[in-house]
Amino acid sequence: MIEVTTDPIDAQALKNQLCNPGAGGFCSFEGWVRNENEGRAVERLEYEAFEPLVLSEGQQVLVEALQRFPYLDARCVHRTGLLEIGDMAVWVGVAAAHRDEAFKACRYIIDELKIRLPIWKKEHYVDGDSGWVNCERCAEHGRH
Amino acid sequence: MIEVTTDPIDAQALKNQLCNPGAGGFCSFEGWVRNENEGRAVERLEYEAFEPLVLSEGQQVLVEALQRFPYLDARCVHRTGLLEIGDMAVWVGVAAAHRDEAFKACRYIIDELKIRLPIWKKEHYVDGDSGWVNCERCAEHGRH
Amino acid sequence: MSASVKTITVRYFAMFREHAGVGEETLRLDVATAKDVYEQTRPRHGSKEPNGHCKVAINEEMADWSSPVNDGDVVLLFPPVAGG
Amino acid sequence: MSASVKTITVRYFAMFREHAGVGEETLRLDVATAKDVYEQTRPRHGSKEPNGHCKVAINEEMADWSSPVNDGDVVLLFPPVAGG
């Protein structure tokens, strides 16, 4: 189950949805907005997503993780819009019988999400400049 | 920083202590009491710890993890006493600049804690029997 | 499929949208594949990347750059992604 | 260090404590090393494990089984651990 939201992510509520009496291990990953990227001081981030394909491609990633590292339940939420330093941009949680599957499935999910989901991140720098991550040189006019 | 407590573990409060503007990734692991172990239905668990050495050996594990996978901050709490199905027995959280260190340090910490800390787990089975995990055949009188 | 003039709705995302100044536009294009759409709309989305660094969807399904496009299709052009 | 009779306080944990019926007792033992303490108190802690499966601490510091014990030491005998 994957979601996209503009609201702050409630990790505790998400985790509660994964409670399962057969679960012995729970692994979660949170992506936080940090104050620096590649040497530049970051003031805030802006995330844009194309939700229909985030949901379908994200669901596909969860299924692949399940096939590789059988878990009991997993969820993922990605936030969009304007985020401040310290805000949670993404949450992935996996409950499994044992810790090995929990860790491996969680890692697989976040690694694939980052490279496959149609989500884009614009960094707003402290110096007033801004730039799309992975895309600084990909359009004629450089930064906006 | 490692703690032992008989109180329920408050994961949210622990995570908040790891907030750091330089952190881009946070990985946590929770050990939950599950209803089954090696084919036997479990009713509850009882954890016993020798706290002074849990703290010193646990601190050593955190330092080792820091040397191998430089993280920004990490915490661990282990609960003791009588725990019910679904209760959290252990929480490990790691905040790092990037997700790779967060995942690897978190995994290292829980793996080492499980084999090095003087903590013991007694399973109380649904059938009324009980047994110390890893130790079923280690004393003359078998189960108690 | 050989190229022929088709009516294609092109959607731009992130940097591409900012460059084009619109999120979506309907164009008459002489194209056979998704790659043709990408190449012919370069002045609009402004990408200097080879298409392989970007992704494409047709009618809300992920597609290959070699996928054929048909009259009336909606082609979504995705710059390099950066989730998480 | 050769064995000699010493006053040793032995602490038992988990299954060892349950078997011994006490958490701690002070004994007069003819021992040189931590391993000697483990072996000589087998009837008390009841372990059938080789000492290598268990752990030992002396005066609240983790120790090797070959560590010498001195008169007045507190020796902690740990059955196989199972945290998490």
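Below, chain A is the first sequence line, B the second, and so on; all start at residue 1.
Heavy-atom proximity under 4.5 angstrom to chain C picks out A:P52, A:L53, A:E57 from residues 52-72 of chain A. Among residues 96-120 of chain A, the residues having any heavy atom closer than 4.5 Å to a heavy atom of chain C are, in sequence order, A:K114, A:I115, A:R116, A:L117, A:P118, A:I119, A:W120.
The minimum heavy-atom distance between A:W132 and C:E18, with the atom names listed, is NE1-OE1, 3.1 Å.
With sequence neighbours left out, C:N59 forms a side-chain hydrogen bond (donor to acceptor under 3.5 Å, both in side chains) with C:D73.
Residue pairs meeting the side chain to side chain donor-acceptor pair (under 3.5 Å) criterion with at least one partner in residues 11-33 of chain A, sequence neighbours excluded, are A:K15-B:E30, A:Q17-A:R75, A:S28-B:S28, A:E30-A:W32, A:E30-B:K15.
Without hydrogens or angle criteria, A:Y47 side chain to C:A82 main chain gives no donor-acceptor distance under 3.5 Å.
We find the CD-CG distance between C:E49 and A:N134 to be 9.0 Å, quoted to the nearest 0.5 Å.
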